[in-house]
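Report on the following structure.
Every heavy atom of this structure was used, including side-chain atoms; hydrogens, water molecules and symmetry mates were not. Order of the sequence lines sets the chain letters (A, B, ...), proteins ahead of strands, with each chain counted from 1.
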Amino acid sequence: MSLFQTYTELVHDTLRAMIAEGVLPPLDISRVQVEPPRDAAHGDLATNAAMVLAKPAGKPPRDLANSIAEWLGALPGVTGIDIAGPGFLNLRLQPEIWKRELPLILRAGTAYGNSGRGKGQGAVNIEYVSANPTGPMTAGHARGAIVGDALASLLVKAGYTVTREYYLNDSGNQVAVLARSTHLRYREALGEAIGDIPAGCYPGEYLKDVGQALAARDGGKWLSLSEDEWLPAVRDFAIAAMMDDIKGDLSSMGIRHDVFSSERALVQSGAVEKALETLQHRGLLYEGVLEPPKGKLPDDWEPRPQLLFKSSDFGDDVDRPLKKSDGTYTYFAGDIAYHYDKLQRGSTTLIDVVGADHGGYVKRMQAAVAAVGEGRAALDVKLCQMVSVLDNGVPVKMSKRAGTFITLRDMIDRIGKDVLRFVMLTRRNDQTLELDYAKVTEQSKDNPVFYVQYAHARCCSVLRHAREAFPGAAFDDVGLAAADLVALDSSEEMAVLKLLATWPRVIDLAAEAHEPHRIAFYLQEVAAAFHALWTKGREDTTLRFIHDNDEALTQTHLALVRGVALVIASGLGVIGVTPVAELRA
RNA sequence: GCGCCCGUAGCUCAGCAGGAUAGAGCGCAGGAUUCCUAAUCCUGAGGCCAUGGGUUCGAAUCCCGUCGGGCGCACCA
């Protein structure tokens, strides 16, 4: 249990005791929080207890604060309590309480911050990437992939059971187009002059390779046949090739999925019928005609009777079609079946990480999950806004090979996976992101990736130097965990230590909010605190980490340094970035 | 026309499921540095948190309206 959780429980216990003793009337204390105060001058912990309880208790907050303060003063480790502002209770703790955290960090290593928050919360299924197998992955896909993967790791660290999933859209029109485009390139590979790529086919040059590979495998086998005859085979060949490509890209970013779900397999298994049956039982299906959309009408609009889902019962604006007028299922119907399938497999929290262009899709899918999950399951959709790629402020030209987009491959080749992963998390997912190749590879303070890596490297460097200066000293993690921390008493050092101690709390809050970017921001804070402490050591020699001829004192400081390194490594681990021990250019 | 997202310092963005004088980087103006990597650090100026209402002891945060920007809008996937 983290320090903050411990004290939250102690405060809650105290309030319950006060209620039991009749000092307070029976109250709901669930809104009482214990958190680090915004300003360190306010002490170590702050609680809003008096303010939250004032109204239900029928007492002014300051009066209430006085009586609560008396009781809280008896808690272990509490050395003082102030009542501040509108009724905050600020607790000061013995430094030892914080210092106890350091050996915990050193013993846990990068597992520090792992929590049991997700235990018993039900399994989480997180779907991300799900790029259509019709071309290489692009900058936009990269963002979704990284956000999804980091979120999954974050949830795992917070103790949730997580399935990482990719939905493979291998049926329908888009893959048919892929097949036709590939067939064209196949004919080209066999010597035919195909001229310009016709509209309705993918123009990207990446399909040349696929066409050639098909020709190499099958020769002229598909030339004289009709489209009906060659399409399934060519389609499957092309999908396999595209998926190889995509999986290659993902793996070079260190991203893997536990499950690849095939849309076609799902449809063929009868899952769509099964899901619709469930909706039918609940009286949520009907044949009907939709109102024309407001505003300007599509040219070919006409009223059509269709099978509709009453999504408006669950907060959607209008009911949504499940069958087209020709009787075949819509994509939405398949997607309902897919989400139903995820629930059937045991997940109670579903997360979809998708591009912002899916924004219009959120309400209907949440409606479907609510309907089909009978209210016991929730769907959170993380919409990732656009990424624009620049080089020194100039928009990077689109990759001709890819068709029109900057590919993920280009980005990895240019800046590497670590930089890419970190930078993609330096914005909230619902903010547009500008990625400038020149800036993110620059070695300076305005490059957050570098700044954090540098802090980690500096820690490693100190440890190296110390081990050289004191050969044979107990400077490994076991030895450092046993270090005497009494001398660790400057406010600068305590500030770093307190920041490290909030890491488990950061994990819990970020996991609960499904916001992996918070990890990246926290790491920048840790790095800043460490760089500041480092520089302080220049003027104040007592703050230096290595003290000549004083092994014990050095060991004390190294414990903190190593703690910083471990917490940074732990955080980088969550977002999939490799911590480096050296940064010399 | 409708829905979703966004609007915080000159610029780029944080702001922890309402809390105490609104934070960081860049840029600008000063300053530190024989030293564990000067790739770092410190100080300062700079904000009616788009705007008008509402809820609350308390709002950048929640609700409604307005303005501005992005995305999406029958049977496509």
Between A:His514 and A:Asp380, a side-chain donor and acceptor under 3.5 Å: yes
Between residues 47-57 of chain A and RNA chain B, which residues have a heavy-atom gap below 4.0 Å? A:Met51, A:Val52, A:Lys55
When you get a sec, tell me which of B:rC16, B:rC41, B:rA77 is the closest nucleotide to the side chain of A:Thr535? B:rC41
Side chain of A:Ser461 (C-beta onward), nearest among B:rA77, B:rU37, B:rU40: B:rU37
Return yes if a side-chain donor-acceptor contact under 3.5 Å exists between A:Tyr167 and A:Asp352, otherwise no. no
Using a 4.0 Å heavy-atom cut-off across all strands, classify A:Thr432 as base, sugar-phosphate, or nothing. sugar-phosphate
The test is salt bridge (charged side-chain N to carboxylate O under 4.0 Å, His left out); show your working for A:Asp82 and A:Arg92 and say whether it passes. CA-CA 8 Å; A:Asp82 296 321; A:Arg92 279 191 306 280; 2.7 Å; yes
Is A:Arg38 touching bases, backbone alone, or none of the nucleic acid, heavy atoms closer than 4.0 Å? base
Of the listed nucleotides B:rU37, B:rU40, B:rA77, the one nearest the side chain of A:Tyr451: B:rU40
With a 4.0 Å cut-off on N to O distance, would you call A:Arg505 and A:Glu35 a salt bridge? yes
With a 4.0 Å heavy-atom cut-off, tell me which residues in residues 83-92 of chain A come close to RNA chain B, sorted by residue number. A:Ala84, A:Pro86, A:Phe88, A:Asn90
Between the base of B:rG72 and the ring of A:His358 - centre-to-centre under 5.5 Å, planes within under 30° - is that a stack? no
Taking NZ, NE, NH1 and NH2 as the nitrogens, is one of them in A:Arg518 or A:Glu515 under 4.0 Å from a carboxylate oxygen of the other? yes
State, without any angle test, whether A:Asp430 and A:Gln385 hold a side-chain donor-acceptor pair at a distance under 3.5 Å. no
